[in-house]
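Some notes on the structure that comes next.
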Amino acid sequence: MKRFIGFVKKEFYHIFRDKRSLFILFGMPIAQILLFGFAITNEINNVDIAILDHSKDATTKEIINKISASHYFSINQIIEKESDIEPIFKKGKVKAVLSFEKDFSKKLITQNHSNIQVITDATDPNTANTISNYVNAILQIYLKEQNKNHTSAYQIIAQTRMVYNPELKSVYMFVPGVMTMILMLVSAMMTSISITREKELGTMEILLVSPIKPFQVVIGKVFPYIFLSIINAITIILLSLFIFKMPIQGSLFLLGLESVLFIITSLALGILISTISATQQTAMMISLMGLMLPVILLSGFIFPITSMPVPMQIISNIIPAKWFIIIIKGIMLKGVGLQFIWKETLILLIMTTFFIGLSIKKYKIRLE
Amino acid sequence: MFGDFIAVNAINFEVKKGEIFGFLGANGAGKTTAIKMLIGISHPTSGNATIAGFDIYKNTEDIKKNIGYMSQKFALYDDLTVRENITFFGGIYGLSRKRIKEKSTTLIKELGLEDVSKNLVGSLPLGWKQKIAFSVALLHDPKIVFLDEPTGGVDPITRRQFWEMIYKAAHQGTTIFVTTHYMDEAEYCDRVSIMVNGKIEALNTPKKLKSQFNVESMNDVFLNLARG
């Protein structure tokens, strides 16, 4: 035990004396969460649009007012002819143009329909899509108000209610993802680098020749990172609570336990990586390519798994991050208890056991 | 062990207590592999060996407590101070806190490192680091210490001082098992073995080897053997 404490102390010296890693270790979670929380967002807010109104009558005025009253759009300019559309898109500021056809009101009354053309700048397809949806939604609301008095024979109204995240804040989606990513990165990459560093420097040999047992070396190496990862998890949760006002519906205790489980999964992966890589650089590349990319692309963090091609969906099952994201989304947003996420927890447990077993086996082989 | 390649093939030798045993051979002759087998980080495919009276298969834990090892690669922690390095290695060998304190104080004094004991090892010149590494390898008073090319890249003066440290340790009863390819260092050893292609081709005192091959220096002995 005394040996172990001495070992852990040494690890902390390594960590705290390496100012660059220390900065990454504690700066990254904060930077990431702020970045994802503020800068990267799927919502649209005050998007600049232009209006091309060929009729300029009472109805078009009302619709335009309605649109500019929403905080989603702000009317940047009014243009007069079709040929103006292209140049303003090229300038880049205006993301959409609403073009009202001639005799808008008149047609609406006499022919029962009239047209608005929504032209969007689809260089960013997501935003373009969202803009057209929002415009449609505003028009629907307008129509409903107009039709209050004379109802038509049939009407189907979809009453949507967004539960668990009624304001559709994207930060709610990013917090679980960023937390997963950070825990994975810190635990797996940092440990694999720190173990391979000993190999590279030749100190690992000295340790293996000494009476300290190989498993004590490994536990001693990963132990500080469990501690640091927990601090990171707490930082992320506090930031999301106080800066983004993200409520945590479920039990904090359960959230903590599940996080520790995931940290151990990642550490086991880190150890596994360190057994197959001889240099710090290799360890870092494997961690980045083999762990980070799947976490970002295949875990459902940013891209929904259900809309992936089937082979990708199958692959996503072997990514621990996927299960952890389901778990923490459940706890944070839905407030579920273990009875709803035991399956995911069990999968993580099995994966962790598997990774630990595999790395013990690999580690032994390496010693032969 | 390394595929079909046999790095070390049927080597036989005995080393006496307190002896300085030079383990020579050209690069790639199998010295490091042999050392790794002896200290227990590689396993021989066949054969047996005892170190300080312990069997390398059965008593690996006892062997670990009784040997010191200094590798080709310099192996202290650059980002720890001299004293922290000593404390750490003393700790993993299970020395008591009091013993570590005594040991590090005498060690720092002997090496004349009082002024830099709180400096990071990374800031010290290579020769100093090698001397510290050697002292650290002796920290737990091992019966035998394995030095794998301990003086690589070190200037002649430091090399000389290093060998004085080796003599001193041997004098105090520690067996020294040292590999080198500096032939002048071979002259300092009590006995040397010369390894060629995984086999020991010669084993005797430097003096007898020189007369056996009828040459002036160990360098010539080595060249004679290595050419085959």
Side-chain angles (χ1 to χ4, degrees), chain A residues 1-25 190 193-221 223-224 274-275 278-280 361-368, chain B residues 1-2 32 35-45 51 59-81 83-97 100 120-122 129 133 136-137 139-140 142 144-146 148-149 152:
Chain A
M1 197 59 203
K2 219 176 65 196
R3 272 180 203 164
F4 182 71
I5 293 170
F7 199 96
V8 170
K9 205 165 133 193
K10 181 210 79 157
E11 286 310 310
F12 275 112
Y13 283 143
H14 288 323
I15 295 165
F16 288 122
R17 283 185 189 163
D18 184 358
K19 296 281 178 289
R20 229 172 356 161
S21 316
L22 200 63
F23 182 74
I24 295 176
L25 211 54
M190 294 293 197
I193 288 179
S194 108
I195 295 175
T196 43
R197 182 168 51 207
E198 300 245 11
K199 283 207 235 171
E200 228 178 299
L201 295 178
T203 43
M204 188 56 100
E205 246 178 29
I206 305 288
L207 295 176
L208 292 178
V209 173
S210 81
I212 194 164
K213 304 236 177 3
F215 82 88
Q216 288 176 314
V217 173
V218 172
I219 305 283
K221 295 236 72 142
F223 183 80
S274 75
T275 61
T279 65
Q280 296 179 62
K361 211 172 148 224
K362 282 259 178 197
Y363 198 84
K364 276 195 184 141
I365 289 168
R366 207 182 55 75
L367 290 179
E368 294 289 314
Chain B
M1 186 168 52
F2 291 16
T32 301
I35 281 210
K36 284 192 171 164
M37 287 177 183
L38 291 173
I39 60 177
I41 46 183
S42 277
H43 287 298
T45 34
I51 289 170
N59 311 109
T60 43
E61 292 314 305
D62 293 310
I63 288 180
K64 284 178 171 182
K65 280 181 205 131
N66 286 294
I67 61 170
Y69 173 55
M70 182 179 164
S71 77
Q72 276 175 12
K73 282 191 206 165
F74 169 73
L76 293 177
Y77 294 100
D78 272 347
D79 53 349
L80 261 55
T81 68
R83 203 175 265 276
E84 282 162 358
N85 263 297
I86 299 171
T87 311
F88 171 71
F89 284 105
I92 62 167
Y93 275 96
L95 269 57
S96 71
R97 203 160 296 169
I100 291 174
L120 298 186
V121 165
K129 291 184 191 175
V136 165
L139 207 58
H140 55 291
I144 174 163
V145 57
F146 292 87
D148 194 2
E149 289 175 20

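Each chain gets a letter, A, B and so on, in the order the sequences are listed, and its residues count up from 1. Everything numeric in this text was worked out from a predicted model, so none of it was measured.
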* Interface moiety of B:F88 toward chain A, non-hydrogen atoms closer than 4.5 Å -> side chain

* For B:F146, is it the side chain, the backbone, both or neither that has a heavy atom under 4.5 Å from a heavy atom of chain A? -> neither

* Structure fact -> CE (B:M70) and CD1 (A:I206) are apart, to the nearest 0.5 Å, by 8.5 Å

* In terms of heavy-atom proximity below 4.5 Å to chain A, should B:L95 be classed as side chain, backbone, both, or neither? -> backbone

* Asked: Around atom CZ of A:F12, are there more than 12 heavy atoms of other residues, nucleotides or ligands at under 6.0 Å?
  -> yes

* **B:N85 CG to A:Y13 OH distance, which is reported to the nearest 0.5 Å** => 10.5 Å

* **Test side chain to side chain contact (heavy atoms under 4.5 Å, CB included) applied to A:H14 and B:L80, step by step** => CA-CA 8 Å; A:H14 288 323; B:L80 261 55; 3.8 Å; yes

* Inter-residue atom distance B:I92.CD1 - A:Q216.CD, 0.5 Å rounding -> 10.0 Å

* Which portion of B:I63 sits near chain A, non-hydrogen atoms under 4.5 angstrom -> neither

* Please state whether the side chain, the backbone, both or neither of A:I212 comes within less than 4.5 Å of a heavy atom of chain B. => both

* A:K9 versus B:E84: any side-chain heavy-atom pair under 4.5 Å? -> no

* Asked: Where is the tightest heavy-atom contact between B:K65 and A:P211, given as atom of each residue plus distance?
  -> CG-CG, 4.0 Å

* **Flag side-chain contact, heavy atom, 4.5 Å: B:I67 against A:V209** => yes

* **Heavy-atom neighbours of A:F223 CZ exceed 12 at 6.0 Å** => no

* Evaluate the side-chain proximity of A:R197 to B:Y77: yes if any heavy-atom separation is below 4.5 Å, no if none is. => no

* **Interatomic spacing from CG in B:D79 to CD1 in A:I15 - rounded to 0.5 Å** => 10.5 Å

* To do: Locate the shortest heavy-atom distance separating A:G202 from B:A75; write the atom from each residue and the value.
  => O-CB, 3.8 Å

* How long is the gap from CG on B:D148 to CD on A:E205, to the nearest 0.5 Å? -> 8.0 Å

